[in-house]
Each structure stands twice: as C-alpha cells, then as structure tokens.
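What follows is a set of notes on a single structure, which appears directly below.
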Amino acid sequence: MNKFTPLKASGGRTVDEITGSRRLRRMRKADWSRRLVQENHLTVDDLIWPIFLVDGVNIREDIPAMPGVQRLSVDLAVREAEAAAKLGIPAIATFPRIEHAAKDLSGSHILDPENLINRATRAIKKAVPEIGIITDAALDPFTDHGHDGILREGIIVNDETVEQVAAAAVLQAAAGSDIIAPSDMMDGRIGAIRDALDANGFQDVAIMSYATKFASAFYGPYRDAIGTKGLLKGDKKTYYIDPANIDEAVREAEQDIAEGADMLMVKPGLPYLDIVHVLKSSFRLPTFAYQVSGEYSMIKAAAANGWIDGERAMLESILAFKRAGCDGILTYFAPEVAKLLKS
Ligand code: PBG
C-alpha cells in the first residue's frame, strides 16, 4: 500500500480529504468500465448522407474543396444509394449542381418536374425503395445570383419565393421524396409547404425544417460543390439567422413547429451545439444537425496535413452531436462512419 504524505500545494490536505473520496477516475480505469458507463452511442441509424448530383451519365467529379466527396450523375447516385442502404444508412439528402444555362433570376427550373433533383429521386426511389430520400426545396442551385429566393431590385422577396418553394415541394413529393427539407429561411414556408403537400395528396410526406440556419462562413465548400461560388452577390444575412442570436433561433423553431414541421434541423452543426441542446430540450421534436461542408473540409484538411487523427476527430465530432441532443446528423462522413461502425 502506498502511503503519501499530505500535499504541500493543498495546505496539507490529502486528495481524499479534498474530494471526499469521490474519484471519477474509478470508472475510467479500464475499457470494460468505460464501455459500461458510456452515455451516448453512435449508430448507423443516426446518419443522413448528403450527396451532390450532376447532369450526364457515368460521371463522378471530385470537389477540390471537399476531399473524398464527389458529384455524381443520376446513374451513379443510384449505385451509391444502394451501397448506403446496404450499410444501413437510413436516408440520403440530394443537392444538385445545375447547368448555368438552366439558371435564371427566379430559379424557375426548380418547377420543372424533370429537373435533376426530381430525376434523381425517381431513379433512386425505383432502384432503392428502402432508403429515405430528403430533398431541399430551395432556389439557390437554380438562381443565376445564387440566392435562396427571388431577387427583385436587390431584395429577396419573401412571399413569391414561398409560393415557388411550395410548388417545388409538391413536384419533389410527386417524384417520390419522403421528406421535404426547405433550407431557404423564408417566413411562412413550412405552413405553405404543408398546405401544398396536403392539397395534393401528400399527407405522408414529412417536413424537416432547416429551422435554424445561420448566416455562416462554413458553407464555403458547398457553394463550390454546387457551382454557386462565383455567382453569389452579397450575402444571405437578410434571411439566415445572425450567428450571435439564440432567442431568435428558438423563435424560428417555435414558428416552424406551429406551421407543421415534423422535424427540426440546426445548421451548421458543431459551432451551434448550444442551439441543438436548447431546441431539443425545449420542444422534444426529432432534432437534427447538419455538419456542413466547411466542418467536413476542416477535419479532412487537418488530417491530410497530419495535424489531427482524422478518423478519431470525425467520430468524436459526430458523437458530440448525439451528446448535444441530436436524433441524427447530416454528414458527408456518413458512408465512412457507417463502414467503421460495421467493422
Ligand atoms: C442553401 C444551402 C446551403 C447549404 C445547403 N443548401 C448554404 C448556402 O449555400 O448558403 C450548405 C451545405 C453545406 O455547406 O454543406 N440553400
């Protein structure tokens, strides 16, 4: 038995006198005891995989700012969806890179039933009916200015945008989308989409509200991925939430729930875990976070430089979402994590 003399630094008290014999390291002493007391667990059921779509056949394009992520033509997106379903990933979310020629001031191509999103949904639904499909009813891939709304005299006009987004949601549902996830932050969009879906017989199509989407710098690589990087004039501060605000975020979520949101999402993810926590504890709705492109790329870049252990940082970041209260996480890491969890 070791017998230690009282510590000088503590004025003579022993550690047991200081802690009252409460030693939290006891349960950390071995792998078995750490496993026994582990409070949060990551499973494949927590993962939603966002994928990028591009026109053409048999196309797989690297996205330089997102190492390991590619744009896929519909035929290859179908194959990746099959692989994701085999890994047990419950759902994918699609984001299209629209040809410049199809873009205009109002993003009217979002109302084409045969646009890239809708073609992909149909093809994936047909080949892989067991995977959930989440589609983004937002104008930014379709506008020639990169904004999420119709732009008139320098202003993103709310109500007209909502009308168009709701119509687009109906087309996405008709193509087979299971969850409409509008990411544009226009006022009234959730209620308008719910009404439009119900009026067209899509009562079973759910809405995942990007309830709290912040005007963030972490979306950079995504804009590269969907080709809106050079297009965007100005910023999105008149419709996304100020990163400084928490009460406003709670009010946004409250409003979306009142309008009929089935699920809430927080975006970006890791810098906004306080928002996840407050939404989950306030509303008890299924709550998700989007670990966005910039968050993904930071981990990948640091790992590529040998500055962090990429695999551990990836798993730790995703577990942090669970701890904060997430029911699931949209993450570009989804297939990598699913494979690791399986092995
Ligand atoms: C816009 C939209 C954004 C993302 C998805 N849809 C943000 C933006 O470009 O302003 C970001 C996703 C990511 O960064 O991974 N409706």
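Both ligands and their constituent atoms are indexed starting at 1 by order of listing.
With ligand atoms numbered from 1 in the order given, ligand 1 contributes 1 (C), 2 (C), 16 (N) to contacts under 4.0 Å with heavy atoms of D140. Ligand 1 places these atoms under 4.0 Å from at least one heavy atom of Y332: 12 (C), 13 (C), 15 (O). The atoms of ligand 1 that sit less than 4.0 Å from any heavy atom of K267 are 2 (C), 3 (C), 4 (C), 5 (C), 6 (N), 11 (C), 12 (C). For ligand 1, the atoms closer than 4.0 angstrom to any heavy atom of Y290 are 12 (C), 15 (O). For ligand 1, the atoms lying closer than 4.0 Å to a non-hydrogen atom of Y240 are 1 (C), 7 (C), 8 (C), 10 (O), 16 (N).
Heavy-atom contacts from other residues, nucleotides or ligands closer than 6.0 Å to CG of D242 number more than 12.
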Problem - L53 and R97: CA distance, side-chain angles, deciding distance, side chain to side chain contact (heavy atoms under 4.5 Å, CB included) verdict - result: CA-CA 6 Å; L53 304 167; R97 183 195 178 103; over 6 Å; no
Handout entry: Worked check of side chain to side chain contact (heavy atoms under 4.5 Å, CB included) between D148 and K213
Key = CA-CA 12 Å; D148 298 23; K213 182 168 184 181; 4.1 Å; yes
Handout entry: ring-ring contact (aromatic ring centres under 6.0 Å, His included) between Y332 and F52, worked out
Key = CA-CA 10 Å; Y332 301 101; F52 295 109; 5.6 Å; yes
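Checked by atom type, the side-chain pair Q203/D198 shows no donor-acceptor distance below 3.5 Å. Inspection of the D75 and S73 side chains reveals an N or O donor paired with an N or O acceptor under 3.5 Å.
Counting protein heavy atoms only, atom 14 (O) of ligand 1 is closest to S293 OG, 2.7 Å. Here the heavy atom of the protein found nearest to atom 9 (O) of ligand 1 is R223 NE, 2.9 Å. The nearest heavy-atom contact from the protein to atom 2 (C) of ligand 1 is K213 NZ, 3.1 Å.
In this structure, F288 has its ring center at least 6.0 angstrom away from the ring center of F321.
With a heavy-atom cut-off of 4.0 Å, D148 touches ligand 1 through its side chain alone. Only the side chain of D136 comes within 4.0 Å of ligand 1, judged by heavy-atom distances.
Under the 4.5 Å side-chain heavy-atom criterion for ILVMFWY residues, no single connected hydrophobic cluster contains both V157 and L105.
Here the shortest heavy-atom distance to atom 6 (N) of ligand 1, taken over F214, Y222, F218, belongs to Y222.
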